[in-house]
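All chains are named by letter (A, B, ...) in the order of the sequence lines, taking the proteins before the strands, and each is independently numbered beginning at 1. Please read these numbers as outputs of a predicted model, since none were measured by experiment.
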Amino acid sequence: MEENLMEKVMEEVLKQLGDNKETPKGETAQPKANIGNPGLTEFVGTAIGETIGLVIANVDHNLHEFMKLDPKYKSIGIIGGRTGAGPQIMAADEAVKATNTEIISIELPRDTQGGAGHGNLILFGAEDVSDAKRAVEVTLKELDRTFGDVYGNSAGHIELQYTARASYACNKAWGAPIGKAFGVIVGAPAAIGVVIADTAVKAANVDIVGYASPSTTSFTNEVILFISGDSGAVRQAVMAAKEVGVKLLEALGNEPAPSNTQPYI
Amino acid sequence: MEENLMEKVMEEVLKQLGDNKETPKGETAQPKANIGNPGLTEFVGTAIGETIGLVIANVDHNLHEFMKLDPKYKSIGIIGGRTGAGPQIMAADEAVKATNTEIISIELPRDTQGGAGHGNLILFGAEDVSDAKRAVEVTLKELDRTFGDVYGNSAGHIELQYTARASYACNKAWGAPIGKAFGVIVGAPAAIGVVIADTAVKAANVDIVGYASPSTTSFTNEVILFISGDSGAVRQAVMAAKEVGVKLLEALGNEPAPSNTQPYI
Amino acid sequence: MEENLMEKVMEEVLKQLGDNKETPKGETAQPKANIGNPGLTEFVGTAIGETIGLVIANVDHNLHEFMKLDPKYKSIGIIGGRTGAGPQIMAADEAVKATNTEIISIELPRDTQGGAGHGNLILFGAEDVSDAKRAVEVTLKELDRTFGDVYGNSAGHIELQYTARASYACNKAWGAPIGKAFGVIVGAPAAIGVVIADTAVKAANVDIVGYASPSTTSFTNEVILFISGDSGAVRQAVMAAKEVGVKLLEALGNEPAPSNTQPYI
């Protein structure tokens, strides 16, 4: 009977504690269950990375000016999240390809819920609210895919992004040449990023578009490499970085957990 | 008897865990019990937001220069906290009205214990240490009130501030016109801040004093709107933003908990 | 029997919870067990502060340029951690004295796993990979010592550093006069840093080398004082700051825990 009781107690205790648990601090927060439209016309939806998608049909005239928006955009689509910048930017890149919108601005706060990386704020501009809304919807949907190659543990994270054809979001955020294959390699803590950047460029014949370190990346503890070139080569470079990065992360912390979506590269 | 035992076990377990618990990462940390003066003349007190109030009667002559203090201030009052900037600045604003001190500087670190917002460091200058101490005391006392409209959950936070008559702290930190009604609207993640800024300015006829986003706010994941104007209008704009903001926060995370003090707006 | 059962249940519950616990958010994270070389030539080792030591024998030619490295350094040593900047810089300072390497760069991300301070990224340059590797090894080994005077609790942290003879890492990061005794005094939240900086300079006749606050320190919630001068005086100033700092931290949070290594100052 004692054994039986013990089990029941443990079950109860863990259940009660589970109910009270906060979102863990890790870099790959699970998506919140969408509780549905809170009854606001501005609400579009939510997705992984504690990302929210919103829309304003007619931005207030005075605010428009303070936000330094181009007068031609009456409507804006808004994507913002606590965890991640790469996944949201890559997803927004697909949204720009698929809709009649433009990227107004991409800002990268220092965030990830106490982790080593970024959160994000992305604004789409549109003349019509339906276009802005569509861009936000596409972005939220794409996030399941673009979070596919994010690996985090207690020590940091590795993030890999690849697109066969970069568009305006990648260009705005990172200077990616439009229309060409493009890859992003992130390592945190930054020391790991240095090594996997070197691994990537040695693995295939790619062009370096940029190299970012803490003092140039909102003071996050990341080194980020941006590469462009032949589609196969970019992919190969990204894959090589991933293999080494996961091993180094494992050497520093516990086994890196992939985010809950499928690798896509 | 089993039931009885179960209850006792649960009680004991939760008590023990509670004792070991760290301050939660949320943006509305509970105030620490003041353990009393640690026996230092510099110590004034503590308050909500892990805020500490300190005073230096005679700042060391050489340090004075490195801190770039105006020579006329022999004494300084110091307010600093891990969580929040708005509440501390609004409280300091009351302190400046009530005492013979001036605001020397207001700095906003990226903090909130891993949350999406700021901590703070506020310096008061005074010719006499009793004035500096009084300013710190007033600030600590006002914090119970100014934390009244902060709402946080696992996803982020909403913060609302309102004063019928802005003074030198609001002016120094945010450019508020002195003597006029002034409001501050904060949304984190920043995407929520964009929408509630728009909501606020549509709700009443107010002047926009400023609009801040991650790249201009210590890389926090916040958008902040500053408004001025007629007292009733500012209040109405702030209230409208609060209503929408809490709903959006709820759509992204769990139910936002108000901080432990009473709404004051 | 009931008492006995209670004890057993508590033991089991706490064990299970302990196993699931994440690295605490505090500023003095325990070192991860080194799981050994992950089979990569770049891996050197790990140490306290979630610090990793790496080396690249031949940095890729194109990346070399993007990293703005001096062409004469074929090899680089890399130190990077999530928690702490002072300990790693002081340790790197010893490494530079002991090896044929130079400090290329020191960058201080906003980190400490959600705490109030920094992480770090330090690059050593060398013509030969064995020198770079040796510098990384010395740094990792010294960290046990240089983490000796770091005190953290739920409210913040105090960090004290002292060297009888500053070298190139202290000079690069903080402008320390080379060859002279040098001390670093860190207080977080920043308000505590202000008071202990004042305490330090009043306690002994030292030269102030610099004073840093949130807007100049990657937006961390720290005030940092840098002092130089006679060896005994620097040490005395640092000790005085430590005594007051620990008391203030205690007044704001729970009892500050020293990091797991021995005080060395």
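For the options C/Asp60, C/Asn120, C/Val55, C/Ile52, heavy-atom pairs under 4.5 Å to chain A are most numerous at C/Asp60. For the set A/Val244, A/Ile208, A/Asp207, the entry with the most heavy-atom pairs within less than 4.5 Å of chain C is A/Ile208. Of the listed residues (C/Asp111, C/Thr220, C/Ile122, C/Ile79), the greatest number of heavy-atom pairs within a distance under 4.5 Å of chain A belongs to C/Asp111. Your options are C/Ser105, C/Gly53, C/Gly81, and the one with the most heavy-atom pairs under 4.5 Å with chain A is C/Gly81. Your options are A/Ile192, A/Thr217, A/Val201, A/Thr199, and the one with the most heavy-atom pairs under 4.5 Å with chain C is A/Val201.
Interface remark: C/Thr51 contributes backbone atoms only to the contact with chain A (heavy atom separation under 4.5 Å). Of the two parts of C/Leu40, only the side chain, counted from C-beta on, holds a non-hydrogen atom closer than 4.5 Å to a non-hydrogen atom of chain A. The contact between A/Val209 and chain C is made entirely by backbone atoms, counting heavy-atom distances below 4.5 Å. Contacts between C/Ile76 and chain A at a heavy-atom distance below 4.5 Å involve the side chain alone, from C-beta outward. For a residue to count as touching a neighbouring chain, one of its non-hydrogen atoms must lie under 4.5 Å from one of that chain's; by this rule C/Leu63 touches chain A with backbone and side chain alike.
Applying the 6.0 Å contact sphere to CG of C/Asn100 captures no more than 12 heavy atoms from other residues, nucleotides or ligands. The environment of C/Tyr168 atom OH is sparse: at most 12 non-hydrogen atoms of other residues, nucleotides or ligands sit within 6.0 angstrom.
Between C/Phe43 and A/Leu248, the shortest heavy-atom contact is CD1-CD2, 4.0 Å. Between A/Ala116 and C/Arg82, the shortest heavy-atom distance links the atoms N-NH2, 3.4 Å.
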Residue pair C/Met67, A/Ser213: steps toward the side-chain contact (heavy atoms from CB on, under 4.5 Å) verdict: CA-CA 9 Å; C/Met67 291 177 73; A/Ser213 59; over 6 Å; no
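The side chain to side chain contact (heavy atoms under 4.5 Å, CB included) test with A/Asp198 is passed by exactly one of C/Leu54, C/Val59, C/Ile78, C/Asn58: C/Val59.
The shortest distance between side-chain heavy atoms of C/Leu121 and A/Pro214 falls below 4.5 Å. Between C/Ile56 and A/Lys202 there is a side-chain heavy-atom pair separated by less than 4.5 Å. No side-chain heavy atom of C/Arg110 sits less than 4.5 Å from a side-chain heavy atom of A/Asn221.
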